[in-house]
Every structure is written in C-alpha cells, then in structure tokens.
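To start, the structure itself, in structure tokens.
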Protein chains: 2
Amino acid sequence: MPTYGAALEALADPTRRAVFERVAERPRPVGELAAGMPVSRPAVSQHLRALKDAGLVRDRAVGTRRIYEVDPDGIAAVRAYLDRFWTDTLQSFAAAAEADQEERP
Amino acid sequence: MPTYGAALEALADPTRRAVFERVAERPRPVGELAAGMPVSRPAVSQHLRALKDAGLVRDRAVGTRRIYEVDPDGIAAVRAYLDRFWTDTLQSFAAAAEADQEERP
DNA sequence: GGCCTCCGTAAGGCGTAACTTACCGTTTGT
DNA sequence: ACAAACGGTAAGTTACGCCTTACGGAGGCC
C-alpha cells in the first residue's frame, strides 16, 4: 500500500523523474531506459524500484527482459490523494481567512 | 519563479510536510509552529524558507512575529502543473497501449 | 550443456540535505 | 533607553540518498 508520501519522495529526485517520464512515453525494458541516460543501468534499476514501491510504475517479465510501464491505478490513486490534499489545504485557508475577517470587522 | 520540481522536493521531506500541514490548518507565527514539533525552531524556520521558495507558503510581519500562511496562487500553480503532468502521463500510456494492440491483433 | 543477454542486488564512496547550537538584528513594552 | 521576545542566519556535525563497480541468478539460443 503505497502512501502519497512515497510518491512525492519518488518524484522529488530529478533523475528519477526523468526515468519516470521515459517510462511514461511508452513501456520499455530497463536496458533501453538506461541507454541515453547519464547514469548507469543499476542506478536506473534502483530508481525503477523506488517508482514501483510508490505505485507509479509496474513491470512484467517478457523473456529475459522486464518491461516497465506506468501504473494507471497507482497514478490515479496518487492523483486523487493529492487533489484532495490541495482542496483541503485551500479550503482550510479560506475558512481561516473568513474567520479572521469576521473577528475584526 | 518557483518550478514544480521545487514544490515536489519541498513536499518530499516528512518533517517539512508536517510543517506545511500545520501552516495549512491556519496562519501561525514561527514559534507557535515550532512548538509541538520534534525539531528545533531554527529547523522549522529553514523548512519554512524552503516552502516559501517553492511558492507553497508566504509570510507577513505582524509586530515582532512573522505569520506564515498558505500561498493560494502558488498552490494553484503547482496543482495545475501536476494535474497536467498526470493527464499527459496517462494519455501517453493509453496511446501506447492502443498502438501496441493494433500492432498485433 | 554451454554460453550469452538481461537485470536485480550487495557493498562502499561521496555529496548534500537536515538538524543542532550559538549568535545577531529587529521590534515592542516599560 | 534598556530589556525581553521573536525569528532569521552562520557554522559545524551527522545521517541519508544517489551513484558506482562487482557479482549472481534467471531465461533464451545454439
């Protein structure tokens, strides 16, 4: 059960974000993802693990390769959580502002 | 001009996220924010700086204290950016899935 | 079976983010 | 004007995240 915190941590790192965006373009095996990146293949592999733990990507085995692709369900969950997070935040702020204005007219 | 990357990095740290959530509850001075947190006041102050640089909070001086509050505009910007990020991601995935299905019926 | 490809993991180095204490400027109140 | 409250900043330590190299296991191909 990935928390939204894990997703935020996963997307915080620029390199990992680049990996995720490459996965988002289209499903690809690890070697192909690593090719053309400034870091080594194991580094990419570790980033993919973090993204997977966060529920942002998923993988399936095809022969000797592992195809990584976006996890729509996980993304939808994170998106919903964040969206509610922003909504609640703004709502609290609006309520506090109104209360403050009422307090001293 | 805060990038969305800065916002993600800012919200990645659990302690900083806690600070932000406390600010989101209602506008408060630094001392009150720091009270009841497991870290020192300067630490909170540094987190507030990061949140401010990311455009998530703003502050105003009231006497000798500084009231921190959520920055609605900044949050709206980050929210819009992330929302489009998810949308694009899912759309790319859907397109790739469809292309794949068409490729081998 | 032997070999090669693909990829995950372990171990260690290294930079940096996060925290602490100490200090200083600003503002308020008496 | 002096003292106290409030909070930002500097300096230093420590912990953690990211990267590398080295290795091993699983699967395909001859």
Side-chain angles (χ1 to χ4, degrees), chain A residues 2-23 25-71 104, chain B residues 2-23 25-71 104:
Chain A
T3 72
Y4 79 113
L8 288 174
E9 289 176 26
L11 293 176
D13 182 69
T15 304
R16 193 156 47 227
R17 219 156 43 222
V19 172
F20 177 72
E21 288 170 0
R22 281 177 71 86
V23 173
E25 289 175 11
R26 59 189 162 83
R28 273 193 277 219
V30 178
E32 192 177 330
L33 286 170
M37 291 218 53
V39 295
S40 70
R41 182 191 52 75
V44 172
S45 195
Q46 289 166 6
H47 285 308
L48 286 170
R49 191 200 213 311
L51 292 170
K52 183 180 175 184
D53 288 346
L56 294 172
V57 304
R58 64 188 182 195
D59 63 327
R60 55 194 157 93
V62 173
T64 167
R65 10 194 146 189
R66 314 214 104 230
I67 310 294
Y68 278 83
E69 63 188 11
V70 155
D71 183 345
R104 33 170 210 199
Chain B
T3 71
Y4 77 114
L8 289 174
E9 288 176 29
L11 293 176
D13 183 69
T15 304
R16 193 155 47 227
R17 216 152 50 219
V19 172
F20 178 72
E21 288 171 0
R22 282 176 71 86
V23 173
E25 289 176 11
R26 57 189 163 83
R28 272 192 278 220
V30 178
E32 191 177 330
L33 285 169
M37 290 219 52
V39 296
S40 69
R41 183 191 53 72
V44 172
S45 195
Q46 291 165 6
H47 284 308
L48 286 169
R49 191 199 216 308
L51 291 169
K52 183 180 175 183
D53 288 346
L56 294 172
V57 304
R58 63 188 183 195
D59 63 326
R60 55 195 158 91
V62 174
T64 168
R65 15 194 144 189
R66 313 214 104 229
I67 310 295
Y68 277 83
E69 63 188 12
V70 155
D71 183 344
R104 33 168 209 199

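Side chains are part of it too, since the values below use all heavy atoms of this structure and drop only hydrogens, waters and symmetry mates.
Remark: C1' of C:dC7 and CD1 of A:I67 are 12 Å apart, rounded to the nearest angstrom. If you measure from atom CG of A:D59 to atom C1' of D:dG27, you get 16 Å, rounded to the nearest angstrom. We find that CZ of B:R41 is positioned 18 Å from P of C:dA18, with the value rounded to whole Å. If you measure from atom CZ of A:R16 to atom C1' of D:dC19, you get 12 Å, rounded to the nearest angstrom.
In terms of position along DNA chain D, the nucleotide closest to A:T15 lies nearer the 5' end than the nucleotide closest to the other residue of the pair A:T15 and A:G63. Annotation: of the two residues near DNA chain D, A:V62 and A:A43, the 5′-most nearest-nucleotide partner is A:A43.
Checked against D:dG8, C:dA11, C:dC6, the side chain of A:T64 finds its nearest nucleotide in C:dC6. Residue B:S40 has its side chain nearest to C:dT21 when only C:dT9, C:dG8, C:dT21 are considered. Of the candidates D:dT20, D:dG7, C:dT5, the closest approach to any side-chain atom of B:V30 belongs to D:dG7. Residue A:V39 has its side chain nearest to D:dC19 when only C:dG8, D:dC18, D:dC19 are considered.
Using a 4.0 Å cut-off between charged side-chain N and carboxylate O, A:R49 and A:D53 make a salt bridge.
Contacts of B:P29 with the nucleic acid, taken as non-hydrogen atoms under 4.0 Å apart, involve only primed sugar atoms and P, OP1 or OP2. Within 4.0 Å of B:R49, counting heavy atoms only, lie sugar-phosphate atoms of the nucleic acid but no base atom.
Proximity of A:H47 to the phosphate of D:dC19: a side-chain N or O atom is located under 4.0 Å from OP1 or OP2. The side chain of A:Y68 contributes no N or O atom lying less than 4.0 Å from OP1 or OP2 of C:dC6.
Using modelled atom types, no side-chain atom of A:R22 and backbone atom of A:M37 make a donor-acceptor pair closer than 3.5 Å. A donor-acceptor contact shorter than 3.5 Å is absent between the side chain of A:R60 and the backbone of A:I67. At distances below 3.5 Å, at least one donor-acceptor pair connects side-chain atoms of B:R16 with backbone N or O atoms of B:A10.
In this structure, NZ on A:K52 lies 6.0 Å from CZ on A:R66, to the nearest 0.5 angstrom.
A:R66 contributes no side-chain N or O that forms a donor-acceptor pair with the base of D:dG27 under 3.5 Å. Applying the 3.5 Å distance criterion, the base of D:dG28 shares no donor-acceptor pair with the side chain of A:R65.
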